[in-house]
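First comes the structure, then the notes that go with it.
Letters A, B, ... mirror the listed sequences (proteins, then strands); counts begin at 1. When reading the values below, keep in mind they use all heavy atoms of this one structure, side chains included, and skip hydrogens, waters and symmetry mates.
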Protein chains: 2
Amino acid sequence: MSSPEQASEPERVRAPNIRDVARVAGVSYQTVSRALNDSPSIRPETLARVQTAIEELGYRPNQAARALVTSRSRTIGVLAAQTVHYGPATSIQAIETAAREAGYRLSITNISSSEYASIKAGLDHLMAQSIEALIVIAPQVRVFEALNDLQVAVPFVTLESTGLNSAHSLWVDQIQGARLATRHLIDLGHTEIMHISGPQDWIEAEARMQGFLRELGDADLRTRAPILGDWTAHFGYYAGLELLRYRDFTAVFCGNDQMALGFMHACRESGLSVPGDMSIVGFDDIPEAAHFAPPLTTVRQNFAEIGRRAIEVLLGELRGDTELSHAPVQPELIVRQSTARLA
Amino acid sequence: MSSPEQASEPERVRAPNIRDVARVAGVSYQTVSRALNDSPSIRPETLARVQTAIEELGYRPNQAARALVTSRSRTIGVLAAQTVHYGPATSIQAIETAAREAGYRLSITNISSSEYASIKAGLDHLMAQSIEALIVIAPQVRVFEALNDLQVAVPFVTLESTGLNSAHSLWVDQIQGARLATRHLIDLGHTEIMHISGPQDWIEAEARMQGFLRELGDADLRTRAPILGDWTAHFGYYAGLELLRYRDFTAVFCGNDQMALGFMHACRESGLSVPGDMSIVGFDDIPEAAHFAPPLTTVRQNFAEIGRRAIEVLLGELRGDTELSHAPVQPELIVRQSTARLA
DNA sequence: CCTGCTGATGTGAACGTACACATCACCGGA
DNA sequence: TCCGGTGATGTGTACGTTCACATCAGCAGG
């Protein structure tokens with residue numbers, strides 16, 4: 001029908017490969033490979049010729065082929081339970097950036113529930129991609145079992161836990177953060193302090209609760225059973241409405257800023273002034289917290305730092321550097337206007 | 001030193017491959033391949049034998065090899081500017097879930113700035129992974145140029161834009177949402193209405209502004225130049241402090257809920273009651289909005305729905321189904337307590 | 001009993017790259 | 001002059017999978 005030269009559509013345009021580049025540059029394919037992996041033994045002018053050819057053809061290395069032959073996927077897996085919340089989302093963004101700069105890509109899998117089956121399915125999905133390392137941002141109680149069951153052999157770290165399994169954890173010192181928050185309330189003269197915690201299976205919720213209880217214990221104050229919440233503002237609100245029917249406390253330490261927001265809402269509806277009648281401390285310092293009514297006293301965590309460190313530690317392990325610093329990141333108390341001295 | 005049987009570490013444990021499975025199952029490797037790709041022509045009992053062998057060896061198909069030979073990466077790329085905000089994060093989570101259920105994985109790349117170079121670098125990083133389809137959640141003005149320059153040939157959709165390029169867009173009808181918000185204020189008797197918009201290069205910010213201006217125009221009301229913000233509560237706060245020095249308006253339509261939160265903060269500091277002295281409408285309906293002081297009237301978008309539809313449309317295109325519905329998702333006005341009839 | 005067909009299974013490529021090794025030109029020193 | 005060494009480049013092979021095709025048994029129809 002038409003001559004090969006002007007064939008318009010018939011033959012599927014194959015992406016150029018290393019041999020096409022070699023032909024154009026007038027070298028062997030191996031030389032092109034060397035140019036791509038910046039081998040020391042290649043003459044500058046040869047390198048230049050190859051680069052010109054690459055440019056001309058719009059050549060891109062085929063990562064699948066590369067992964068196949070090197071058996072390195074250059075992929076880091078992330079198992080996450082909550083990618084919508086500010087904290088995890090911020091960490092993941094930092095992780096992605098750091099990974100990309102190091103030549104790795106990220107594969108994120110969300111688990112919908114903290115059921116063992118769900119965790120296992122997520123992990124399975126990641127392992128099927130032959131990830132080189134794993135980062136877990138999820139309720140970790142059951143994750144360790146799953147890691148075992150699936151015989152996960154890659155380096156991994158869990159974020160935002162508590163050093164429970166310190167060889168594989170990287171964390172903001174949540175216990176310390178909770179102590180800072182609680183101490184702040186005690187210093188203001190409060191003696192009846194309530195705690196609204198995160199879900200029981202989140203280790204970080206557990207850690208914040210521990211810090212709260214220890215600080216109260218150290219001050220010989222009455223401890224009361226913390227309320228187990230779900231991180232949402234809705235929960236904070238409804239828990240607040242319930243709790244405020246008995247006003248037998250003057251301060252609340254909330255497991256995160258969202259629950260604190262909801263609790264403040266409940267205070268308003270119950271006719272309580274914050275901080276006049278009720279002091280409230282949150283945790284996380286989401287960007288909105290400074291604009292709550294009133295601006296929220298809270299504990300700031302550096303989520304991005306945690307993310308960057310996760311990549312740093314994992315890439316280190318992949319290179320064989322063992323014994324990288326797992327020292328916890330220190331949280332910081334940010335005092336705003338939701339807390340006041342007890343009248 | 002030691003007999004091969006009890007050799008403990010020396011030889012690197014190679015992951016089992018399709019041939020290992022074949023040997024254990026007593027079939028040829030091709031039969032195993034058929035079992036994996038549920039071919040119709042395989043006897044049930046043979047299939048069972050293969051599955052048993054797979055189980056026994058803990059075999060996982062090597063995705064790199066598969067991708068190499070089929071030249072299908074089973075990867076969908078996401079180019080995102082903001083993965084920390086509630087809207088994009090929610091969409092991405094829905095995208096990930098839908099993609100995973102369809103057997104695809106996601107590769108997310110964050111762009112740090114809306115510079116052309118940054119967009120191009122991000123796109124380049126994705127294309128290098130031979131993604132099969134692309135989803136863009138970013139300021140889109142320059143994205144189209146970059147898509148052109150890089151000769152991106154895969155199906156793609158941009159999220160949350162405005163039908164500007166409707167063949168490739170999937171969007172909540174932002175113009176309609178903005179009109180709903182503005183109409184609500186007009187219906188309450190407001191005639192002097194201000195708008196704090198998102199950044200100029202975000203098409204969705206532009207669309208909300210358009211909706212605002214059109215609705216005002218239709219009502220023959222005075223239009224004033226919108227303030228160009230950056231989506232943050234901080235901006236809303238400082239813009240509010242500035243604007244409230246001249247109280248020549250009685251209502252504000254904010255480009256998103258965060259800026260509305262900041263603006264409410266500025267109102268409090270300026271001694272204005274919301275909604276008594278100032279009515280405020282936001283956009284997005286983040287989960288916290290219901291607990292602001294006062295609870296925020298806003299426009300709800302179904303971010304998850306958008307995400308799911310993105311995958312649906314792209315997978316459809318990959319299968320060859322053209323003409324899938326790109327009909328915009330309708331937003332919904334949620335009236336709470338931050339708006340009131342003009343006294 | 002042979003032919004042709006169908007369903008089930010096996011064999012030989014090929015995908016695009018990196019590693020191990022081979023080759024080649026060139027150089028300095030005995 | 002020859003030798004070994006070195007730096008630059010080329011050739012064969014393997015990675016694990018799927019596709020195209022070949023083979024083989026079983027069965028129905030003439």
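Rounded to whole Å, atom P of D:dG10 lies 14 Å from atom CZ of A:Arg23. C:dT17 atom C1' lies 9 Å from atom CG of A:Leu36, rounded to whole Å. When rounded to the nearest whole Å, the span between CG of B:Asp20 and C1' of D:dT17 equals 13 Å. Computed from coordinates, the B:Arg60 CZ to D:dC15 C1' distance equals 19 Å when rounded to whole Å. The CD1 atom of A:Ile54 sits 10 Å away from the P atom of C:dT17 (whole-angstrom rounding). Between the CD1 atom of B:Ile42 and the P atom of D:dT18 there is a distance of 12 Å, given to the nearest Å. With rounding to whole Å, A:Ile18 atom CD1 is found 14 Å from D:dT11 atom C1'. Remark: C1' of D:dT18 and CZ of B:Arg74 are 13 Å apart, rounded to the nearest angstrom.
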Distances under 3.5 Å between nitrogen or oxygen atoms of protein and nucleotides 22-26 of chain C:
none

Is there any protein nitrogen or oxygen under 3.5 Å from a nitrogen or oxygen in nucleotides 11-15 of chain C, and what are the pairs?
{"residue": "C:dG12", "atom": "N7", "partner": "B:Tyr29", "partner atom": "OH", "Å": "2.8"}
{"residue": "C:dG12", "atom": "O6", "partner": "B:Tyr29", "partner atom": "OH", "Å": "3.3"}

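Closest-nucleotide positions on DNA chain C for B:Ser41 and A:Arg66 were compared, and the one nearer the 5' end corresponds to B:Ser41.
Here B:Thr46 lies in heavy-atom contact (under 4.0 Å) with sugar-phosphate atoms only.
Taking both residues in full, the closest heavy atoms of B:Ser112 and B:Ser118 are given as N-OG, 3.6 Å, listed atom of the first, atom of the second, then distance. For A:Pro155 against A:Glu132, the heavy-atom pair with the smallest separation is CD-O, 3.2 Å.
Between A:Arg43 and the phosphate of D:dA8, there is no side-chain N or O to OP1/OP2 separation shorter than 4.0 Å.
Under the rule for a side-chain contact (heavy atoms from CB on, under 4.5 Å), B:Ala121 has no partner lying at least two apart in sequence or in another chain.
Side-chain polar atoms of B:Thr75 and B:Gln129 form no donor-acceptor pair below 3.5 angstrom. With hydrogens and angles left out, the side-chain atoms of A:Tyr104 and A:Arg72 include a donor and acceptor closer than 3.5 Å.
Between A:Ile119 atom CD1 and A:Asp149 atom CG the span is 11.0 Å, to the nearest 0.5 Å.
Looking at A:Ser33 and A:Ile18, their side chains come closer than 4.5 Å, going by heavy atoms from C-beta outward.
The pair B:Glu312-B:Arg309 does not meet the salt-bridge criterion, since no charged nitrogen lies less than 4.0 angstrom from a carboxylate oxygen.
For B:Glu45, the CD atom sits in a packed shell: over 12 heavy atoms of surrounding residues, nucleotides or ligands are nearer than 6.0 Å.
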